[in-house]
S.K.: 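One structure coming up, written as structure tokens, with questions to follow.
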Amino acid sequence: MDVVIVDYGTGNLRSVYKALETAGKDLNDLKISISGSPNIIAKADKIILPGQGSYKQCMDSILSIDGLYEELNKFVKIKRKPLFGICVGMQLFSTEGYEEKKTKGFGWVEGIVEKIKLKDKNFKLPHMGWNNLIMMKKHKIFEGIEQNSHFYFVHSYEFSTKNKEKILGTTHYEGDIISCIGDGNIFGTQFHPEKSHENGIKLLFNFLKYY
Amino acid sequence: MLKKRIIPCLDVYKGRVVKGINFLNLKDAGDPVEQAKIYSDHGADELCFLDITASHEKRSILLDKVSQTANSCLIPLTVGGGVRSIEDIQNLLRAGADKVSINTAAVLNPDFIKQSAIKFGSQCIVIAIDVKKINSSQWEVFTHGGRKSTGIDAISYCKEVEKLGAGEILLTSMDRDGTQEGYDLDLLNTVNNTISIPVVASGGAGTPQHLYDGLSKGGASAVLAASIFHFKKFTILEIKKYLLKKGVPIRQN
């Protein structure tokens with residue numbers, strides 16, 4: 001299995017690489033690589049779309065690589081191959097984001113990304129640290145993971161969608177934040193599985209094994 | 001519910017973990033790579049790797065050690081020490097850091113905070129501030145590993161770094177550092193009530209009670225400590241059990 005971590009100049013890709021390697025250590029023929037080349041991504045079996053920084057910066061960076069946006073779209077919508085989005089990588093599934101300025105996303109899941117609204121000043125932003133995942137339904141991606149398990153979050157913006165059946169997990173931070181989104185071949189987490197110790201490794205393993 | 005974080009700090013000097021008192025008299029406390037693995041496996045919520053003399057000696061951080069350390073833990077890693085350019089940050093992130101902590105360079109050039117936050121996102125920019133008490137409600141910022149006085153008021157500086165896009169403040173009381181007398185709770189409270197980004201308490205923790213005070217009375221989002229862990233006075237598990245019993249929200253699974 002050929003897994004490519006999409007490199008468009010953002011974030012700590014080494015962490016993702018290392019975590020995938022750990023998750024897939026017992027899987028045969030697993031090949032993990034890091035690349036921003038549309039040709040290499042086109043040949044992948046599965047891809048991981050990480051994201052750090054702002055929604056706009058991430059989208060601008062993807063668009064600045066010739067053919068990358070188109071290939072990602074083709075990968076997901078036409079070839080219908082598996083993609084795992086992490087943090088801003090998941091947020092980019094949305095129709096549009098409002099960080100810095102209104103920016104168009106991939107539109108794979110109808111919804112928007114806006115700053116988390118908090119009333120109580122005891123809740124700090126960014127929402128940073130370990131918080132519980134509340135799984136909204138039984139799903140293969142959650143196999144072996146207990147309800148309320150901890151995952152590591154760091155973000156100030158959140159995904160919102162009217163499309164409730166696409167919400168696989170939420171997390172409580174004053175209100176409810178969408179922490180997992182899934183739709184057929186795509187899956188995304190607001191938290192960082194690569195930084196979430198054993199629970200994160202399980203999630204990545206399930207993606208490698210079942211998608 | 002969001003949990004309070006326990007962060008062991010690896011103060012690294014010439015590739016070894018060390019611990020001093022009031023930033024002086026360093027004692028050897030092991031290899032950072034081995035320590036990182038142990039802490040990550042034993043339930044630490046994050047790790048902090050500080051190359052404590054990098055800024056002083058004007059050399060760049062030990063990227064190799066950082067990358068080996070990052071390889072041995074599956075929890076977030078913050079790295080600091082001598083970070084003074086966008087390139088430094090890029091190199092650290094490539095080596096496996098998740099967040100970088102900026103101290104001296106942020107004081108000398110506040111615009112650097114803004115540029116880094118725009119480029120890498122606030123979530124990965126931690127501003128480390130070393131302060132000394134002037135009186136019961138005033139503290140002064142020091143730079144260069146606590147060697148240089150700046151005349152800058154710590155509270156207004158905290159407000160400024162928040163505005164410039166810092167994602168978190170790592171606040172060290174130099175008066176308390178290494179003394180094991182507990183965190184400066186007045187300092188923590190004052191800063192915590194002034195800003196709306198997370199504050200990490202540092203400097204002075206010697207007992208689990210101190211960590212409890214920092215998180216509850218001081219209102220810190222996380223506590224950073226070194227001596228309490230390095231010399232095996234308490235394990236992370238023991239500390240977490242203690243805090244849970246006292247009602248602090250702590251991660252167990």
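Atom set for the values below is all heavy atoms of this structure, side chains included, hydrogens, waters and symmetry mates excluded. Order of the sequence lines fixes the chain letters, A, B, ..., with proteins taken first and strands second; residue numbering starts at 1 for each chain.
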S.K.: Need one label for A/E198: side chain, backbone, both or neither, based on atoms under 4.5 Å from any heavy atom in chain B.
M.R.: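 Neither the backbone nor the side chain of A/E198 comes within 4.5 Å of chain B.
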S.K.: With chain A as the partner, which of B/L77, B/D98, B/L93 has the greatest number of non-hydrogen pairs under 4.5 Å?
M.R.: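 Top option by heavy-atom pairs under 4.5 Å: B/D98.
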S.K.: Do B/D45 and A/K195 sit within salt-bridge range, that is, some charged N less than 4.0 Å from a carboxylate O?
M.R.: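 Between A/K195 and B/D45 there is no salt bridge, as every charged N stays at least 4.0 Å from the carboxylate O atoms.
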S.K.: For B/L10 and B/P32, work out which heavy atoms get closest and say how close.
M.R.: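 Heavy atoms of B/L10 and B/P32 come nearest at CD1-O, 3.8 Å.
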S.K.: Relative to chain A, which segment of B/R94 carries a heavy atom at a distance below 4.5 Å: side chain, backbone, both, or neither?
M.R.: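 The answer is the backbone of B/R94.
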S.K.: Does any heavy atom of chain B fall under 4.5 Å from the side chain of A/S196, the backbone, both, or neither of them?
M.R.: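 Looking at A/S196, just its backbone touches chain B.
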S.K.: For the residue pair A/F123 and A/Y173, is the inter-centroid distance of their aromatic rings smaller than 6.0 Å?
M.R.: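 Yes, the ring of A/F123 comes within the 6.0 Å limit of the ring of A/Y173, centre to centre.
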S.K.: Is chain A contacted by the side chain of B/S122, its backbone, both, or neither, given a heavy-atom distance below 4.5 Å?
M.R.: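 Neither part, no heavy atoms under 4.5 Å.
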S.K.: Please state whether the rings of A/F187 and A/Y211 are parallel, tilted or perpendicular, taking 30° and 60° as the class boundaries.
M.R.: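 Ring orientation of A/F187 relative to A/Y211: tilted.
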S.K.: Tell me, for B/A95 versus chain A, whether the close heavy atoms (under 4.5 Å) come from the side chain, the backbone, both or neither.
M.R.: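 Only the backbone of B/A95 comes within 4.5 Å of chain A.
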S.K.: Is it the case that the ring center of A/Y152 lies less than 6.0 angstrom away from the ring center of A/F191?
M.R.: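 No, the ring of A/F191 stays outside the 6.0 Å limit from the ring of A/Y152, centre to centre.
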S.K.: Answer with side chain, backbone, both or neither: which region of A/I201 has an atom nearer than 4.5 Å to a non-hydrogen atom of chain B?
M.R.: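 Contact with chain B is through the side chain of A/I201 alone.
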S.K.: Quick check with a 6.0 Å cut-off and a 45 degree axis cone: is A/K46 positioned over the face of A/F84's six-membered ring?
M.R.: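 So A/K46 doesn't make the cation-pi contact.
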S.K.: Look at the aromatic rings of A/Y69 and A/F106 and report parallel, tilted or perpendicular, splitting at 30° and 60°.
M.R.: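 Parallel: the ring planes of A/Y69 and A/F106 meet at under 30°.
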S.K.: Counting only heavy atoms closer than 4.5 Å, note whether B/A97 contacts chain A via side chain, backbone, both or neither.
M.R.: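 Interface part for B/A97: backbone (N, CA, C, O).
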S.K.: Does any backbone or side-chain atom of B/K4 lie under 4.5 Å from a heavy atom of chain A? Answer side chain, backbone, both or neither.
M.R.: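 Neither; nothing under 4.5 Å.
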S.K.: Heavy atoms only, distances under 4.5 angstrom: which of A/Q57, A/K124, A/H127, A/E100 has the most pairs with chain B? Name it, please.
M.R.: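 When all of A/Q57, A/K124, A/H127, A/E100 are compared, A/K124 has the most.
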S.K.: Is chain B contacted by the side chain of A/H155, its backbone, both, or neither, given a heavy-atom distance below 4.5 Å?
M.R.: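 No part of it gets close to chain B.
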S.K.: State plainly whether the residues B/K65 and B/D31 are in salt-bridge range, i.e. N to O under 4.0 Å.
M.R.: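 A salt bridge is present here (some side-chain N lies under 4.0 Å from a carboxylate O).
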S.K.: What residue, out of B/G121, B/S221, B/G167, has the most heavy-atom pairs lying under 4.5 Å from chain A?
M.R.: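 Highest number of pairs under 4.5 Å: B/G167.
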